[in-house]
Amino acid sequence: MDDGEKNTLLMFLEAQRASVLAIVDGLDTEALTTPVLPSGWTPLGLVEHLGHAERHWFQEIATGSAEPLPWPDDHTPLITSRPPSAVFAFYRTQCEHSNAILASMPLSTPPRGRHPDPLGEEITDLRRIVLHMIEETARHAGHLDIVRELLDGKTGLGPR
């Protein structure tokens with residue numbers, strides 16, 4: 001049962017990750033680093049944020065420890081000074097680490113780390129970590145959809 005459920009959850013998470021990358025595919029550095037909304041976040045900063053979220057939830061929370069960051073832990077949320085190649089490599093690497101962790105643990109495994117409440121109290125096992133990441137990735141894919149349309153008019157990008 002766990003493998004079937006795990007495969008289903010991973011399929012949905014992978015679809016949202018693919019959407020994120022498809023939505024920003026083809027944007028040049030200027031567009032990736034342009035804040036479009038009043039809050040000031042950038043598409044590239046949001047992709048980096050998703051990499052940090054993958055790292056936080058699957059490494060810090062699920063396993064209780066995380067691989068060192070490839071750069072100083074000095075990031076400003078949702079904005080980055082790093083080049084697109086570094087950010088996309090970071091995101092893909094964090095997703096690979098997340099997938100390996102998911103493959104190695106039963107969904108019922110309680111987290112070894114702790115996220116602050118109120119969300120922390122809801123995260124009782126690996127299953128809820130995966131569900132949270134599906135939710136977070138989908139939410140941000142929607143944000144990116146809107147920004148992409150504002151940047152160049154393109155809509156409906158991604159596998160779903």
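Remember, it's a predicted structure, so these values are computed and weren't measured experimentally.
- When all heavy atoms are compared, the tightest approach of A66 to E60 is CB-CG, 3.6 Å.
- Between E122 and R128 there is no salt bridge, since no side-chain nitrogen of the basic residue lies less than 4.0 Å from a carboxylate oxygen of the acidic one.
- A distance of 12.0 Å separates CG of L131 from CH2 of W57, quoted to the nearest 0.5 Å.
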Pair E149-T155, side chain to side chain donor-acceptor pair (under 3.5 Å): steps then yes or no: CA-CA 6 Å; E149 184 175 358; T155 61; 5.8 Å; no

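- Inter-residue side-chain proximity for E67 and H97 is flagged as met; some heavy-atom pair is nearer than 4.5 Å.
- Expressed to the nearest 0.5 Å, how far CG of L50 lies from NE2 of H52 amounts to 10.5 Å.
- Within the 4.5 Å cutoff, the side chain of P70 has heavy atoms near those of the F90 side chain.
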Assess whether side-chain contact (heavy atoms from CB on, under 4.5 Å) is satisfied between V147 and L37, documenting all intermediate values. CA-CA 8 Å; V147 165; L37 300 174; 4.0 Å; yes

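- Between the CD1 atom in I134 and the CG atom in L10 there is a gap of 8.5 Å [rounded to 0.5 Å].
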Given side-chain contact (heavy atoms from CB on, under 4.5 Å), test M11 with E14 step by step and report yes or no. CA-CA 5 Å; M11 177 185 72; E14 288 284 8; 5.9 Å; no

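- Residues T137 and V20 meet the side-chain proximity criterion, which asks for heavy atoms closer than 4.5 Å.
- Put simply, the side chain of P84 reaches to within 4.5 Å of the side chain of L44, judged on heavy atoms.
- In this structure, OG1 in T109 is found 11.5 Å from CD1 in I101, a value given to the nearest 0.5 Å.
- Rounded to the nearest 0.5 angstrom, L157 CG and L21 CG are separated by 12.0 Å.
- Rounding to the nearest 0.5 Å places OG1 of T33 at 11.0 Å from CD1 of I79.
- A 4.5 Å side-chain heavy-atom check between V24 and F88 finds at least one atom pair inside the cut-off.
- The two residues R17 and C95 have their closest heavy-atom pair at NE-SG, 3.4 Å.
- Under the 4.5 Å side-chain criterion, counting only non-hydrogen atoms from C-beta, L13 is not in contact with S98.
- The shortest heavy-atom contact between P35 and G40 is CB-O, 3.3 Å.
- The hydrophobic clustering, which links ILVMFWY residues whose side-chain heavy atoms are closer than 4.5 Å, places L150 and I23 together.
- Of all heavy-atom pairs spanning L126 and P106, the tightest one is CD2-O, 3.7 Å.
- In this structure a side-chain-to-backbone donor-acceptor pair under 3.5 Å is missing from R127 to K6.
- With hydrogens and angles left out, the side-chain atoms of Q94 and Q59 include a donor and acceptor closer than 3.5 Å.
- In the hydrophobic cluster analysis, where Ile, Leu, Val, Met, Phe, Trp and Tyr join through side-chain heavy atoms closer than 4.5 angstrom, L69 is grouped apart from F58.
- The closest side-chain heavy-atom distance from I123 to R114 is not below 4.5 Å.
- Side chain of D152 to backbone of K154: a donor-acceptor contact under 3.5 angstrom is found.
- In the model, T80 has a side-chain atom that pairs as donor or acceptor with a side-chain atom of E48 under 3.5 Å.
- The two residues L27 and L32 have their closest heavy-atom pair at O-CD1, 3.7 Å.
- Inter-residue side-chain proximity for F12 and V130 is flagged as unmet; no heavy-atom pair is nearer than 4.5 Å.
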Yes or no on side-chain contact (heavy atoms from CB on, under 4.5 Å) for R112 and I61, after CA distance, side-chain angles and deciding distance? CA-CA 6 Å; R112 295 186 186 125; I61 303 303; over 6 Å; no

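- Taking all atoms of both residues into account, the shortest heavy-atom contact from L151 to P43 is CD1-CG, 4.2 Å.
- With sequence neighbours excluded, the residues forming a ring-ring contact (aromatic ring centres under 6.0 Å, His included) with H140 are H49, H143, listed by chain and number.
- Contact check on E136 versus R139 returns no salt bridge, with no Lys/Arg side-chain nitrogen under 4.0 Å from an Asp/Glu carboxylate oxygen.
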